[in-house]
*Asks:* 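Here it is, the structure, as structure tokens.
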Protein chains: 2
Amino acid sequence: MTARPTLEKVAERAGVSRATVSRVVNGSAHVTPEIRAAVLRAVEELGYVPNLAARSLATRRADSVALVFSEPPTRVFSDDPMFPSLIRGVSRETEAADKHLVLMLAGSPRGQERVERYATAGHLDGVIVASMHGADPLPAVLARRGVPVVCSGRSLTAGARGAPPCVDVENVRGAERAVEHLVTAGRRRIATIAGPQDMVAGIDRLTGYRNVLRGSDRRSIVAVGDFTRESGIAAMRQLLRDDPGLDAVFAASDMMALGALQVLRQAGRRVPHDVAVVGFDDVPAASYAEPPLTTVRQPLHRMGRELARLVLTLASGQDPGAPVILPTELVVRDSA
Amino acid sequence: MTARPTLEKVAERAGVSRATVSRVVNGSAHVTPEIRAAVLRAVEELGYVPNLAARSLATRRADSVALVFSEPPTRVFSDDPMFPSLIRGVSRETEAADKHLVLMLAGSPRGQERVERYATAGHLDGVIVASMHGADPLPAVLARRGVPVVCSGRSLTAGARGAPPCVDVENVRGAERAVEHLVTAGRRRIATIAGPQDMVAGIDRLTGYRNVLRGSDRRSIVAVGDFTRESGIAAMRQLLRDDPGLDAVFAASDMMALGALQVLRQAGRRVPHDVAVVGFDDVPAASYAEPPLTTVRQPLHRMGRELARLVLTLASGQDPGAPVILPTELVVRDSA
DNA sequence: ATGCTGTCTGAGAGCGCTCTCTGCCGTTCG
DNA sequence: CGAACGGCAGAGAGCGCTCTCAGACAGCAT
């Protein structure tokens, strides 16, 4: 049962040498058609499947990449509805390249160390770090160890020489579009629920908001959240206290926007009549919120794909090229 | 940089043999304290990390398990908010056991084959198949190949000898609780949006509904969906047509319940005043629906953990024991 | 002293694969 | 017609680790 046939067996059966079988199996060059056919037949008959560990040992490649979530796992995997799409995108590319995808949750220091060890152990051709936190030390640590690393979201320390390549979205532009939409609709007192200011996405989206307001004659009204729904609730309450007359809110994440929606409803404000709300991310729940949420879409799936592509090129020793910046898109629904 | 130190180097440095270093590294038995210390020092100084491929080749273990989603990936990973929790649960156990988690999406035939090959290639100690579809051939195929497999959700063909062990939840009981809650509240015309009848969860939850109605003097009103929100919308419309006088709905999934909520709102029915709604799953969005959804909670995280535990015991050659059936719990919020 | 047990270490044979190197052949060129 | 060439198969040396086996040596009883 567990006695899988080896190259040796196949070679014997096909009446050739191990090396030849290896050539055929790896689809490589110059093998006479008849011999190739004989080998393939033997492979078929024996149900031969190469032992990956042995191959990996001999080639010093691993044929797999890791996707690590470098956040406290609770947060990432329950509250944040964006990761599934990202995973799917990554998975799609890795499968196309016939690589395997190892998932690692590295929220704790122990987790970090695990990732480090695993990568160092040569079981990984590359690592994708999906941590939105700019100050995360993991990418740098891995890079220093010689492991190909790419990041989702521009690192806070980007620009520094040797910073890992990354895939990011047009956060500033997206936020600008959202706020412009509000301005165009004639909203006068446009507040924002900003994201955490230690994350690039948080910073950039606030910048976008400020850019537009500066260009119009409106003043900014800011509360800061951490992208979660709970923080959105708290921030919205704060905003209502600070400026009861506000007529629009741009939330830097959909989850915060959803929280805001709830608070507004409880406060008796009609959305969008009294207060317009725009979110950011376009998570699935945005489309079936009440009212459906106008938001800025991030191409998560595509990000995942690019991330995978990037790490794969990097792993193959090629130049990853310039950072990939993906476009965002305003999706207008009913909330604004 | 890439020249990682080998056991050999460490042995040399510590002035012992390879075997001894191996013993120390693997924490195994009888090694004199001084020698152990010397080895550890050498390991430290050289920054030694064992090469997993080599170990795997020598031990014929892989130290990793796969979590495979055997559904068309689009559906699983965008619409279904339950998988993240499951993943987290699995991940937690595998990390605790110092195993690695490989994620595979096997929606397509090609994907299935990949999983099969990979498992057969000896790169996996075990496989967790998270397919809710009862008729999925993958578990059986793998089992026949001698790969330890566990399933989430009782297989439709369960009971058959040699069926892989599984982790399931009390679907029938959960559904009963939900409907009992509705009956107790004095609802007279209780409809259900059932799940797909080729999945155990779909079947069992409908059974639970029927059990309770049979016990009271109410007749059943059934529409069938496929657990998605869209299908919930369609089913709710159907139900409203079939019996405009209904005063309660039990949906076999939260996503369908969310869809139903939307339809009811559009139809001008107040929830829970005119129509009470109960869902199933307790996805994150349930708690912030409008109104917050009363639902039956599945212990997803725990399911993940149990799944991992099960596959790990199975992989270690031990008896997995009886199928694990996890309890469900009625979470009463505002919608019923 | 001798033999015995028992603990600890080293030697060495793999695990299954890849890949370089060498040798063989048939072809083409000087 | 012999030499040089080029395509193709085989031999064999690892890749880095584990693990069995046997040897060395200490401690104890005889």
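Chain naming here is simple, since letters A, B, ... match the order of the sequence lines and numbering starts at 1 in each. Quantities reported herein were computed from a predicted structural model and do not represent experimental measurements.
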*Asks:* In chain order, what residues pass the side chain to side chain donor-acceptor pair (under 3.5 Å) check against Arg305(A), with sequence neighbours excluded?
*Replies:* Glu93(A)
*Asks:* So which pairs with a foot in residues 101-126 of chain A pass ring-ring contact (aromatic ring centres under 6.0 Å, His included), sequence neighbours left out?
*Replies:* Tyr118(A)-His123(A), Tyr118(A)-His100(B), His123(A)-His123(B)
*Asks:* Listed by chain and number, what are the side chain to side chain donor-acceptor pair (under 3.5 Å) partners of Thr20(B), not counting sequence neighbours?
*Replies:*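 In terms of side chain to side chain donor-acceptor pair (under 3.5 Å), with neighbours along the sequence ignored, Thr20(B) is linked to Ser17(B).
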*Asks:* Please output the side-chain donor-acceptor pairs of residues 8-16 of chain A that fall under 3.5 Å, not counting sequence neighbours, one pair per line with the distance.
*Replies:*
{"residue": "Glu8(A)", "atom": "OE1", "partner": "Arg18(A)", "partner atom": "NH1", "Å": "3.4"}
{"residue": "Arg13(A)", "atom": "NE", "partner": "Glu45(A)", "partner atom": "OE1", "Å": "2.7"}
{"residue": "Arg13(A)", "atom": "NH2", "partner": "Glu45(A)", "partner atom": "OE1", "Å": "2.8"}

*Asks:* Using a 4.0 Å cut-off on protein heavy atoms (strictly under), produce a 5'-to-3' string for nucleotides 22-27 of chain C with B for base contact, S for backbone-only sugar-phosphate contact, and - for none.
*Replies:* ------
*Asks:* Looking at residues at least two apart in the chain, or sitting in another chain, which of them share a side chain to side chain contact (heavy atoms under 4.5 Å, CB included) with Leu138(A)?
*Replies:* Val68(A), Ser70(A), Gln112(A), Val115(A), Val129(A), Asp136(A), Leu142(A)
*Asks:* Report all side-chain donor-acceptor pairs from residues 314-323 of chain A shorter than 3.5 Å, counting only partners two or more places apart or in another chain.
*Replies:*
{"residue": "Ser316(A)", "atom": "OG", "partner": "Thr313(A)", "partner atom": "O", "Å": "2.8"}
{"residue": "Ser316(A)", "atom": "OG", "partner": "Gln318(A)", "partner atom": "OE1", "Å": "2.8"}
{"residue": "Asp319(A)", "atom": "OD1", "partner": "Gly321(A)", "partner atom": "N", "Å": "3.0"}

*Asks:* Kindly write out the residues that satisfy side chain to side chain donor-acceptor pair (under 3.5 Å) with Arg302(B), not counting sequence neighbours, or none if the list is empty.
*Replies:* none
*Asks:* Kindly calculate the angle separating the two end axes of the helix from dA1(C)-dT30(D) to dG30(C)-dC1(D), each obtained from five base pairs, and round it to 10 degrees.
*Replies:*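 One end axis against the other gives 60°.
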*Asks:* Kindly say if Thr32(B) contacts the phosphate of dT9(C), meaning a side-chain N or O under 4.0 Å from OP1 or OP2.
*Replies:* yes
*Asks:* Per the side chain to side chain contact (heavy atoms under 4.5 Å, CB included) rule, which among Leu105(A), Ile87(A), Thr94(A) passes with Leu67(A)?
*Replies:* Ile87(A)
*Asks:* For dG10(D), does OP1 or OP2 lie under 4.0 Å from any side-chain N or O of Thr20(A)?
*Replies:* yes
*Asks:* Show the distances under 3.5 angstrom between N or O atoms of the protein and N or O atoms of nucleotides 16-19 of chain D.
*Replies:*
{"residue": "dG16(D)", "atom": "OP1", "partner": "Arg60(A)", "partner atom": "NH2", "Å": "2.4"}
{"residue": "dG16(D)", "atom": "N2", "partner": "Ala54(B)", "partner atom": "O", "Å": "3.4"}
{"residue": "dC17(D)", "atom": "OP1", "partner": "Tyr48(B)", "partner atom": "OH", "Å": "2.3"}
{"residue": "dC17(D)", "atom": "OP1", "partner": "Asn51(B)", "partner atom": "N", "Å": "3.2"}
{"residue": "dC17(D)", "atom": "OP2", "partner": "Leu7(B)", "partner atom": "N", "Å": "2.3"}
{"residue": "dT18(D)", "atom": "OP1", "partner": "Asn26(B)", "partner atom": "OD1", "Å": "3.4"}
{"residue": "dT18(D)", "atom": "OP1", "partner": "Asn26(B)", "partner atom": "ND2", "Å": "3.0"}
{"residue": "dT18(D)", "atom": "OP1", "partner": "Arg55(B)", "partner atom": "NE", "Å": "2.8"}
{"residue": "dT18(D)", "atom": "OP1", "partner": "Arg55(B)", "partner atom": "NH2", "Å": "3.3"}
{"residue": "dT18(D)", "atom": "OP2", "partner": "Ser22(B)", "partner atom": "OG", "Å": "2.7"}
{"residue": "dT18(D)", "atom": "O4", "partner": "Arg18(B)", "partner atom": "NH2", "Å": "3.1"}

*Asks:* How would you list, by chain and number, every residue that makes a side chain to side chain donor-acceptor pair (under 3.5 Å) with Glu306(A), sequence neighbours excluded?
*Replies:* Arg309(A)
*Asks:* Please enumerate all residues that pass salt bridge (Lys or Arg N to Asp or Glu O under 4.0 Å) together with Arg41(A), with sequence neighbours excluded.
*Replies:*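 Salt bridge (Lys or Arg N to Asp or Glu O under 4.0 Å) list for Arg41(A), sorted by chain: empty.
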